[in-house]
A.B. asks: 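The following block contains the structure, expressed as structure tokens.
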Amino acid sequence: MANTALPEFREWSVAAVRLLQGAVYADDSRIWDALLGSQSHLETYFGRLGLLLVVDEPEGLAYLRQASEDELPEGYDRLPKLFRKTRLGYDATLLCVLLREELRRFEEEDVHNERCVVETAALFELWTTFFPSEGDQVRQRRELSQAFSKLEDLGFVSKFNDEPETWEIRRILKARLPASELECLRAQLVSAAGQRAGKDVSSQSDG
């Protein structure tokens with residue numbers, strides 16, 4: 001019979017599992033303290049899997065990222081990748097940009113609250129500006145809701161309230177979409193929205 005005995009339990013194992021599930025935040029104090037107290041153990045453990053542990057104490061955030069090819073020592077290139085980049089569609093990418101801008105504005109202006117929370121209704125007003133020629137608001141609201149669900153699955157947002165519907169923007173979005181990339185991506189979305197509007201006008205005139 002195979003030996004099924006597990007090694008002696010280590011407290012940092014809980015933090016390791018949580019990191020594999022997604023970002024860890026300082027407001028989860030038990031996991032956060034265990035992570036900081038065993039950071040070197042975790043770095044070694046995940047390093048053997050080709051993963052890098054990123055701990056941003058000022059932001060109160062820790063997460064794993066796949067090591068790039070130029071960061072991998074000899075032999076590590078044979079490891080299968082645990083994390084792969086997720087390709088987001090237009091709607092989810094647009095929502096990422098809008099939320100990232102809200103998070104930046106929150107950090108610059110709101111010094112009283114710890115959580116950045118947005119109302120779906122307020123965000124919908126921004127959302128529709130990228131679809132100027134589309135008047136079906138029922139469909140647009142459904143598409144916005146689907147984009148929120150996608151970002152919730154990725155851990156970028158979490159539902160904060162149902163009435164009115166509000167979402168907390170999680171700080172992992174700041175790490176995944178840094179300010180250096182934000183303006184470029186927003187410009188691309190504005191351009192795409194303009195091209196889409198131009199095609200709609202052309203189609204109406206042709207008809």
Side-chain angles (χ1 to χ4, degrees), residues 6-89 91-104 106-107 114-118 146-160 167-186:
L6 294 174
E8 184 180 352
F9 177 77
R10 293 289 184 266
E11 191 63 35
W12 57 262
S13 298
V14 180
V17 172
R18 289 289 300 276
L19 285 163
L20 287 169
Q21 293 174 331
V24 170
Y25 295 91
D27 54 13
D28 189 343
S29 59
R30 184 174 67 86
I31 302 298
W32 182 255
D33 291 344
L35 187 156
L36 294 182
S38 303
Q39 187 172 337
S40 61
H41 293 291
L42 290 165
E43 288 173 342
T44 300
Y45 171 72
F46 286 118
R48 295 190 184 282
L49 304 179
L51 301 176
L52 299 179
L53 173 60
V54 180
V55 179
D56 189 336
E57 291 192 56
E59 290 287 349
L61 165 69
Y63 60 95
L64 298 173
R65 71 173 179 84
Q66 191 79 48
S68 61
E69 291 185 6
D70 60 350
E71 292 173 318
L72 292 173
E74 183 178 354
Y76 277 80
D77 57 322
R78 300 201 300 270
L79 286 174
K81 285 183 168 54
L82 279 170
F83 299 152
R84 297 188 181 275
K85 289 185 178 181
T86 301
R87 293 185 63 86
L88 298 178
D91 289 352
T93 302
L94 171 59
L95 183 55
C96 276
V97 169
L98 295 178
L99 293 175
R100 182 65 181 86
E101 290 181 328
E102 288 295 314
L103 183 57
R104 181 170 64 177
F106 168 82
E107 291 180 334
E114 294 183 358
R115 300 176 184 269
C116 180
V117 177
V118 294
Q146 291 171 346
F148 263 117
S149 295
K150 175 68 173 179
L151 298 196
E152 185 178 28
D153 290 341
L154 294 172
F156 293 165
V157 296
S158 60
K159 179 68 76 68
F160 190 77
W167 295 85
E168 180 186 354
I169 307 173
R170 304 299 278 167
R171 293 189 182 277
I172 186 63
L173 180 59
K174 183 177 179 179
R176 301 301 190 194
L177 183 55
S180 59
E181 298 178 14
L182 182 61
E183 292 304 324
C184 179
L185 188 53
R186 192 184 198 287

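Numbering starts at 1 and runs along the sequence shown.
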A.B. asks: So which heavy atom on Pro58 is nearest to which on Asp56, and how close?
C.D. replies: CD-OD1, 3.1 Å
A.B. asks: If you define the side chain from C-beta out and look only at heavy atoms, does anything of Ile169 sit under 4.5 Å from Phe156?
C.D. replies: no
A.B. asks: Which heavy atom of Arg115 sits nearest to which heavy atom of Phe160, and what is that distance?
C.D. replies: CD-CE1, 3.9 Å
A.B. asks: Only pairs at least two apart or in different chains count here, so list each side-chain hydrogen bond (donor to acceptor under 3.5 Å, both in side chains) that has a residue in residues 19-31.
C.D. replies: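 For residues 19-31, and leaving out neighbouring residues, the side-chain hydrogen bond (donor to acceptor under 3.5 Å, both in side chains) pairs sorted by first residue read Arg18-Asp28.
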A.B. asks: Please step through side-chain contact (heavy atoms from CB on, under 4.5 Å) for the pair Leu51 and Leu19, ending with a clear verdict.
C.D. replies: CA-CA 11 Å; Leu51 301 176; Leu19 285 163; over 6 Å; no
A.B. asks: What are the two closest heavy atoms between Leu72 and Gly50, and how far apart are they?
C.D. replies: CD2-CA, 4.4 Å
A.B. asks: May I ask you to test the Ser158-Trp167 pair for a side-chain heavy-atom distance under 4.5 Å?
C.D. replies: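 A side-chain contact under 4.5 Å is absent here.
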A.B. asks: Does this structure show an ion pair linking Lys150 with Glu152, if we count only N-O contacts that are shorter than 4.0 Å?
C.D. replies: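 No.
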A.B. asks: Is there a donor-acceptor pair closer than 3.5 Å between any side-chain N or O of Gln66 and the backbone N or O of Phe83?
C.D. replies: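 Looks like yes, one N/O pair under 3.5 Å.
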A.B. asks: What are the two closest non-hydrogen atoms of Pro178 and Arg100, and how far apart are they?
C.D. replies: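 Scanning both residues completely, I find the closest heavy atoms to be C-NH2, 4.1 Å.
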A.B. asks: I would like to know whether Leu61 and Tyr63 meet side-chain contact (heavy atoms from CB on, under 4.5 Å); could you show each step before the answer?
C.D. replies: CA-CA 7 Å; Leu61 165 69; Tyr63 60 95; 4.0 Å; yes
A.B. asks: Can you tell me how far apart CG (Leu20) and CG (Leu82) are? Round to the nearest 0.5 Å.
C.D. replies: 7.5 Å
A.B. asks: Find the distance between CG (Leu88) and OG1 (Thr93) and round it off to the nearest 0.5 Å.
C.D. replies: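 Nearest 0.5 Å value for the CG-OG1 distance: 4.5 Å.
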A.B. asks: Decide yes or no for Phe46 and Leu52: does some side-chain heavy atom of the first lie under 4.5 Å from some side-chain heavy atom of the second?
C.D. replies: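 In short, these two side chains do not touch, never coming nearer than 4.5 Å.
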A.B. asks: Would you say that Leu151 contacts Leu173 through its side chain, given a criterion of any heavy-atom pair below 4.5 Å between the two side chains?
C.D. replies: no
A.B. asks: Going by side-chain hydrogen bond (donor to acceptor under 3.5 Å, both in side chains), name the pairs with one or both residues in residues 36-53, residues two or more places apart or in two chains.
C.D. replies: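 Every pair satisfying side-chain hydrogen bond (donor to acceptor under 3.5 Å, both in side chains) with a residue in residues 36-53: Gln39-Glu43.
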A.B. asks: If you take all heavy atoms of Trp32 and Gly60, which pair is closest and at what distance?
C.D. replies: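 In terms of heavy atoms, the two residues are closest at CH2-C, 3.7 Å.
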A.B. asks: Hey, could you give me the CG/SG distance between Asp91 and Cys96, rounded to the nearest 0.5 Å?
C.D. replies: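 So the CG of Asp91 and the SG of Cys96 are separated by 11.5 Å.
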A.B. asks: Indicate yes or no: at least one non-hydrogen side-chain atom of Leu99 is less than 4.5 angstrom from one of Phe148.
C.D. replies: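 In contact.
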A.B. asks: Shortest non-hydrogen contact from Ala62 to Leu35?
C.D. replies: CB-CD1, 3.7 Å
A.B. asks: Quick one: does Leu64's side chain get under 4.5 Å of Val54's, heavy atoms only?
C.D. replies: no
A.B. asks: Any salt bridge (Lys or Arg N to Asp or Glu O under 4.0 Å) involving residues 57-72? Give me the pairs, sequence neighbours left out, ordered by first then second residue.
C.D. replies: Glu59-Arg171, Glu59-Lys174, Arg65-Glu71
A.B. asks: Which distance, rounded to the nearest 0.5 Å, do you find between the CG of Leu94 and the CG of Leu185?
C.D. replies: 9.0 Å
A.B. asks: Is Glu102 close to Arg104 at the side-chain level, that is, under 4.5 Å between some pair of heavy atoms?
C.D. replies: no
